[in-house]
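What follows is a single structure, written as structure tokens, with notes after it.
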Amino acid sequence: MVEEVSEVAESGSTANPDVAVLPSSPSLPPAKGEMAIAAPRDADGNLEHPSSDSKPSWFTPKRLLVIFCIINMLNYIDRGAIASNGVNGSHKTCTNGTCTSGSGIQGDFDLTYFEDGVLSSAFMVGLLVASPIFASLAKNHNPFRLIGVGLLVWTIATAGCGCAFNFWLITICRMLVGVGEASFISLAAPFIDDNAPVAQKTVWLAVFYMCIPTGIAIGYVYGGLVGSHLHWRAAFWGESILMLPFAILGFVIKPLGLKGFESSESKSTETTDEIVVQEFQDEQNAKSEMQATNEDLSEKAPQKFSFVERILNQLARFCKDLKVLLSEKVFVVNVLGYIAYNFVIGAYSYWGPKAGYDIYHMSNADLMFGGITIVCGIFGTLAGGIVLDLMTSTISNAFKLLSGATFLGAVFCFSAFCFKSLYGYIAFFAVGEILVFATQGPVNYICLHCVHPSLRPLSMAMSTVSIHIFGDVPSSPLVGVLQDHVDNWRESALILTSILFVASGIWFIGIFLKSVDRFNEDSEQGILSDDKSNQKPLLNVDIKTPE
């Protein structure tokens, strides 16, 4: 936007009548040697200012929310599909010398319950490795390009799942699926939090996280129908095709601006001439300081640093940010409760159809679980966000809602598995799911608001990595081992559900912690000035630079 065009003569005139001399003070003429700055002018030669006449990007906050919701839903449709009986299937059985061939992935690859559980958790390897990397790179790279790269990997990986011919190949593809998810999870929520109306932040987050239960539920139905009528491989190919347009969008969309990473955002109310002058002066001051403090530094361009030095510098920055993040007690307690919660929810989502089929002899377990999860997930997640906004969105109130809703949800879910009647089970489990899913908005609100704005992507990344690596990743194979040992799905489900009481107790501790909402803290640890070129805000109006 700022462009050097000519040197000002002592008289203060410019060589070009269309170029305005913008002094540092409106009441003083430009000093000798100052540069003239090109500022946009209207048809009458007057300086233009940002106004409603400038056309904004077609991306509004609501449209951005819709795009993120669809991508998030596709991620979890994949989770639900691989857990469905139509895709996951069952291994072959032999009764009285008569053997029946297995179905789905488990039947084709002859997997044990433990191997089947490992397959459901394999994505975590890619997620664990890639999440901190994407969160760190977001400081000086266009976030949507990073999302595009990740979603392209996701698209190829899901297609690879459909082409896999043995257990190890499909496991590797599931790991790569985690890489694609990692590019998205750490960046989407901060953008939504930035652009949501102040009084509806938790509701917007709830809408986004509502896609988790909804996606899993749709995945159950999708996997069951496609797996039964076509083939389990076709379900993965379909997911890949649906995600491809969003992967392409990540490479062509305008750069995003994220709170905490650009100082120019706070200047949006200044006039155009003040902005260009300030940016020009900042650039000149920065150059003078660099030359005065270390003349040798100016001779060494940053691009001459070796690849190893760049990696070490990025790693040092990550370690410093991580140390600050882990020193925040509110964040730690919130994530510990989230881990215990996700341990249960992850096992529910993967083993639910199998347990329902065995305990209550559901012939259509995929559709039953899918239907319950869709209705309860949508209603519960939205209700949690609305209730917290009505209570006034504070970290303390969020902890109260988390603890209370999880405790009551645990009571209803535990009671549901005690019923021998299918109808009694459905009624109590539905109420329990509504209460349990009410936590999605509040728990992520805490992750976003208990840390400095510049740490939000890392906060979301480490939260997600933690709940997976200590939560649903070990829970699926561990429940598989438990079921192999006790051979009783009702008993396994009761043991699993009791862990929800632990999550409620941990979040109860958070109510008494001293908490500070850091969302509006000024960013002093944002990106460096040489990184700002990639951080152009998405939702701001464009200011044209004269040619």
Side-chain angles (χ1 to χ4, degrees), residues 61-62 65 68-69 72 185 188-214 259 328-342 344-345 375-413 431-451 453 456 459-460 463-464 467 500-501 503-521:
K62 289 184 178 179
L65 176 64
F68 282 158
C69 284
N72 200 31
I185 55 170
F191 286 128
I192 293 172
D193 195 41
D194 280 352
N195 294 295
V198 176
Q200 299 177 347
K201 285 184 178 293
T202 317
V203 173
W204 278 47
L205 288 173
V207 170
F208 176 70
Y209 286 102
M210 177 189 70
C211 297
I212 294 178
T214 305
K259 181 180 177 66
E328 179 58 59
K329 294 181 181 179
V330 173
F331 173 81
V332 173
V333 170
N334 185 51
V335 171
L336 287 176
Y338 204 8
I339 288 171
Y341 166 90
N342 215 58
V344 179
I345 298 301
V375 175
C376 298
I378 292 175
F379 185 78
T381 306
L382 289 177
I386 293 172
V387 169
L388 182 57
D389 281 336
L390 291 176
M391 292 172 63
T392 302
S393 298
T394 65
I395 294 175
S396 179
N397 284 342
F399 273 124
K400 293 175 184 177
L401 184 56
L402 288 173
S403 180
T406 304
F407 180 82
L408 292 176
V411 171
F412 276 91
C413 290
V431 175
E433 278 207 324
I434 290 174
L435 290 166
V436 167
F437 281 122
T439 62
Q440 290 299 309
V443 73
N444 288 286
Y445 176 89
I446 294 175
C447 283
L448 290 168
H449 285 251
C450 72
V451 298
R456 289 182 304 163
S459 173
M460 297 305 300
S463 170
T464 304
I467 65 174
L500 283 175
F501 292 105
S504 176
I506 295 173
W507 279 328
F508 183 74
I509 295 173
I511 298 174
F512 304 98
L513 294 177
K514 182 180 179 181
S515 57
V516 178
D517 192 326
R518 304 182 185 277
F519 178 76
N520 290 318
E521 284 188 357

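Along the sequence shown, residues are numbered consecutively beginning with 1. Computed from heavy atoms alone, side chains included, the values below leave out hydrogens, waters and symmetry copies.
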* Asked: Closest heavy-atom contact between Pro442 and Leu401?
  -> CG-CD2, 3.6 Å
* Would you please say whether a donor-acceptor pair under 3.5 Å links the side chains of Asn334 and Tyr445? => no
* To do: Report the C-alpha distance between Val344 and Val436 in whole Å, list the side-chain angles of each, state the deciding distance to 0.1 Å, and finish with yes or no for side chain to side chain contact (heavy atoms under 4.5 Å, CB included).
  => CA-CA 10 Å; Val344 179; Val436 167; over 6 Å; no
* Less than 4.5 Å apart, any side-chain heavy atom of Phe501 and any of Val411? -> yes
* Asked: Roughly how far, to the nearest 0.5 Å, is the CD atom of Gln440 from the CZ atom of Phe208?
  -> 10.5 Å
* Determine whether the side chains of Tyr341 and Thr439 contain a donor N or O and an acceptor N or O closer than 3.5 Å. => yes
* Structure fact -> Separation between CE (Met391) and CG (Asn397), nearest 0.5 Å, reads 4.0 Å
* Can you find a heavy atom in the side chain of Leu402 that is under 4.5 Å from one in the side chain of Phe399? -> yes
* To do: Work out which heavy atom in Cys447 is nearest to a heavy atom in Phe331; give both atom names and the distance.
  => SG-CE1, 4.4 Å
* Asked: Residues two or more places apart in sequence or in another chain: which of them pass side-chain hydrogen bond (donor to acceptor under 3.5 Å, both in side chains) with Ser393?
  -> Thr202, Asp389
* So which heavy atom on Val333 is nearest to which on Leu513, and how close? -> CG2-CD1, 3.5 Å
* Asked: So how far is it from Ile345 CD1 to Cys413 SG, rounded to the nearest 0.5 Å?
  -> 7.0 Å
* List for me each residue that meets side-chain hydrogen bond (donor to acceptor under 3.5 Å, both in side chains) alongside Asn72, sequence neighbours excluded, and say none if there are none. => none
* If you look at every heavy atom in Cys450 and Val330, which pair is closest and at what distance? -> CB-CG1, 3.8 Å
* Asked: How about Asn444 and Tyr338: do any of their side-chain heavy atoms sit closer than 4.5 Å?
  -> yes
* **Heavy-atom closest pair, residues Ala410 and Leu500** => CB-CB, 3.5 Å
* To do: Report yes if some heavy atom in the side chain of Ile212 is under 4.5 Å from a heavy atom in the side chain of Phe437; otherwise report no.
  => no
* Without swapping roles, check the side chain of Thr381 against the backbone of Ala438 for a donor-acceptor pair under 3.5 Å. => no
* How many angstroms lie between atom CD1 of Ile434 and atom CD1 of Ile378, to the nearest 0.5 angstrom? -> 11.5 Å
* Asked: Got more than 12 heavy atoms from elsewhere within 6.0 Å of CZ, Phe412?
  -> no
* Does Thr394 reach the side chain of Asp517, with side-chain heavy atoms less than 4.5 Å apart? -> no
* Asked: Which value, rounded to the nearest 0.5 Å, describes the distance between Ile386 atom CD1 and Phe379 atom CZ?
  -> 8.5 Å
* Asked: Looking only at heavy atoms, which two atoms of Ser515 and Ser396 are closest? And how far apart?
  -> OG-N, 4.2 Å
* Asked: Between Ile509 and Leu336, is any pair of side-chain heavy atoms under 4.5 Å apart?
  -> no
